[in-house]
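Quick notes on the structure that follows.
On a predicted model such as this, the values are computed, not experimentally measured, just so you know. Just so it is clear: chains get the letters A, B, ... in the order the sequence lines come, proteins before strands, and each one is counted from 1.
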Amino acid sequence: MPELPEVETTKAGIAPHIQDQKIRKLDVRQAKLRWPIPADLAGLVKNQTVLAVRRRAKYLLIDIGSASTATKSETLKGTIIIHLGMSGSLRVIEGKVPPPEKHEHFDICLSNNITLRFTDPRRFGACMWQAAGEDSNLLDHLGPEPLSPEFDENYLFIKSRKRTSAVKTFIMDQKIVVGVGNIYASESLFLSGINPKKAAGKVSKAKYALLTHAIKEVLAKAIADGGTTLKDFVGSDGKPGYFAQQLRVYGRAGESCITCDTPIKQITQGQRSTFYCPKCQK
DNA sequence: CACTAATCCTGGACGC
DNA sequence: TGCGTCCAGGATTAGT
């Protein structure tokens, strides 16, 4: 399941292939994703140049517009917003494109004969549009990036005061901090020795220091390793990432804790599975 | 405002 | 073998 590291991996995989290229066409075969792909999107992006490829939270952002090499000026028309959902991936195809299969919902065809093909069996992904200068309800209310300096123990401590909800639910709230999905939430709470059920407002600043460091470390490590592979994530070049084998608690219910041998517990929080060690995490 | 539950979707695992 | 049932999950939306 694509979490932040997988999106970062995808960004790194596709950016060199599409940067500065002109979009020949957007070919939409299945518009019904998380939200419908806007009907006018194909027309909006046609013949526009890819100015930049960015990531915000788990959104992949492709800035497009016009670029003049003579005056070295760029004019941003807008941004294609892509979310991989739970089972989505983008694949880089060079040259001749094979016929689309069942869950391959759209292609972005570029002038250098590269095609970006979006696949998403569960269709929780999205492809949206933000016109330059306009508000985006997807991007405008997000919390800070977990890998940015402003995400630290002071930030989490202040934001969490008087919060009664569980710390695990708290760090998965995109308004608090983006990109910490279910897997990495369990992993970073284990690494920092915090019980996922503890109320966010009752966690000490010292513990939040451990937690912010753990979140940064686990995400950075996963990015370095090319993203976690669980079930159906495939990187942009079709190769899987290698982080799954390093998970310490996620998916290990009943197995013994790597540090104290106590069986790992699985519980449900906010309709999501949480894995933790009842002895190591207080 | 804080928090919870429902919702979208389909492949895979499991029980009978 | 095949059918039904349940589960996984991100992030928004509606409801309390």
Side-chain angles (χ1 to χ4, degrees), chain A residues 1-10 29-38 55-61 81-90 100-106 118-128 130 135-146 156 158-188 196-203 215 219 222 227-234 240-241 243-244 247 249-254 266-275:
Chain A
M1 305 124 206
E3 297 212 32
L4 187 148
E6 287 80 357
V7 181
E8 188 67 30
T9 303
T10 300
R29 293 176 290 270
Q30 170 60 276
K32 286 179 67 180
L33 302 179
R34 175 72 167 81
W35 303 283
I37 298 176
R55 179 191 60 73
R56 176 75 173 102
K58 294 176 192 170
Y59 296 102
L60 195 61
L61 307 176
I81 304 174
I82 295 176
H83 198 291
L84 299 176
M86 328 245 351
S87 58
S89 66
L90 274 174
E101 294 187 23
K102 191 176 176 190
H103 299 299
E104 301 181 335
H105 305 312
F106 66 85
F118 179 86
T119 307
D120 185 10
R122 286 174 231 178
R123 290 200 266 133
F124 269 31
C127 180
M128 303 299 282
Q130 180 186 17
D135 292 344
S136 162
N137 47 9
L138 292 178
L139 304 176
D140 290 349
H141 306 290
L142 296 173
E145 288 287 326
L156 271 193
I158 290 168
K159 278 282 183 184
S160 63
R161 291 311 90 180
K162 297 182 180 173
R163 291 276 198 146
T164 58
S165 57
V167 60
K168 195 247 191 177
T169 313
F170 176 68
I171 60 169
M172 287 183 66
D173 183 339
Q174 302 298 295
K175 291 191 287 298
I176 301 302
V177 58
V178 301
V180 181
N182 202 40
I183 297 172
Y184 296 114
S186 280
E187 290 298 301
S188 50
K197 289 187 289 189
K198 195 174 173 82
K202 294 267 173 68
V203 175
I215 289 171
L219 290 175
T228 304
T229 294
L230 288 177
K231 298 202 173 85
D232 31 25
F233 172 72
V234 188
F243 193 68
L247 298 177
V249 288
Y250 187 86
R252 299 189 60 237
Q266 176 175 4
I267 59 173
T268 298
Q269 293 182 290
Q271 306 164 108
R272 292 290 173 268
S273 286
T274 300
F275 299 86

Which residues share a salt bridge (charged side-chain N to carboxylate O under 4.0 Å, His left out) with A:Arg252, sequence neighbours left out: A:Glu255
Looking at residues at least two apart in the chain, or sitting in another chain, which of them share a side-chain contact (heavy atoms from CB on, under 4.5 Å) with A:Ala126?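 Listed in chain order: A:Arg34, A:Trp35, A:His83, A:Met128.
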Under 3.5 Å, side chain of [X] to main-chain N/O of [Y], donor-acceptor pair present?
| X | Y | result |
| --- | --- | --- |
| A:Gln30 | A:Lys32 | yes |
| A:Gln269 | A:Ala166 | no |
| A:Glu104 | A:Lys102 | no |

Write down the atom of A:Ala199, the atom of A:Thr164, and the distance for their closest heavy-atom approach. CB-O, 3.7 Å
Going by side chain to side chain donor-acceptor pair (under 3.5 Å), name the residues that satisfy it together with [X], two or more places apart in sequence or in a different chain.
| X | value |
| --- | --- |
| A:Arg163 | none |
| A:Gln266 | A:Ser273 |
| A:Lys168 | A:Asn182, A:Thr274 |
| A:Lys202 | none |

Any protein N or O atoms within reach of nucleotides 13-16 of chain C? Criterion: under 3.5 Å, listing atom names and distances.
none

To the nearest Å, give me how far apart [atom1] ([X]) and [atom2] ([N]) are.
| X | N | atom1 | atom2 | result |
| --- | --- | --- | --- | --- |
| A:Met172 | C:dA8 | CE | P | 13 Å |
| A:Met86 | C:dC7 | CE | P | 15 Å |
| A:Asn182 | C:dC7 | CG | P | 15 Å |
| A:His83 | C:dG10 | NE2 | C1' | 6 Å |
| A:Leu138 | C:dG10 | CG | P | 17 Å |
| A:Ile183 | C:dA8 | CD1 | P | 12 Å |
| A:Phe275 | C:dC7 | CZ | P | 13 Å |
| A:Gln269 | C:dG10 | CD | C1' | 16 Å |

Please, which pairs that meet salt bridge (charged side-chain N to carboxylate O under 4.0 Å, His left out) have at least one residue in residues 137-146 of chain A, sequence neighbours excluded?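 Qualifying pairs, neighbours excluded: A:Arg55-A:Glu145, A:Arg56-A:Glu145.
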Rounded to 10 degrees, the angle between the two terminal axes of the helix from B:dA2-C:dT16 to B:dC16-C:dG2, each from five pairs: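 Computed from the C1' atoms at both ends, the axes differ by 50°.
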Please check the phosphate of C:dT12 (OP1 and OP2 only) for any side-chain N or O of A:Tyr59 closer than 4.0 Å.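 Answer is yes, contact under 4.0 Å.
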Please tabulate, one pair per line, each protein N/O and nucleotide N/O from nucleotides 3-5 of chain B that are separated by under 3.5 Å, including the distance.
unit_1: B:dC3; atom_1: OP1; unit_2: A:Thr164; atom_2: N; d: 2.5
unit_1: B:dC3; atom_1: OP1; unit_2: A:Thr164; atom_2: OG1; d: 2.8
unit_1: B:dC3; atom_1: OP1; unit_2: A:Ser165; atom_2: N; d: 3.2
unit_1: B:dC3; atom_1: OP2; unit_2: A:Arg163; atom_2: NH1; d: 2.9

Could you pull out the protein-nucleic contacts involving nucleotides 8-11 of chain B (nitrogen or oxygen on both sides, under 3.5 Å)?
unit_1: B:dC9; atom_1: O4'; unit_2: A:Arg122; atom_2: O; d: 3.4
unit_1: B:dC9; atom_1: O3'; unit_2: A:Arg123; atom_2: NH2; d: 3.4
unit_1: B:dT10; atom_1: OP1; unit_2: A:Arg123; atom_2: NH2; d: 2.4
unit_1: B:dG11; atom_1: OP1; unit_2: A:His103; atom_2: NE2; d: 2.7

Please list, pair by pair, any protein nitrogen or oxygen found under 3.5 Å from a nitrogen or oxygen in nucleotides 4-6 of chain C.
none

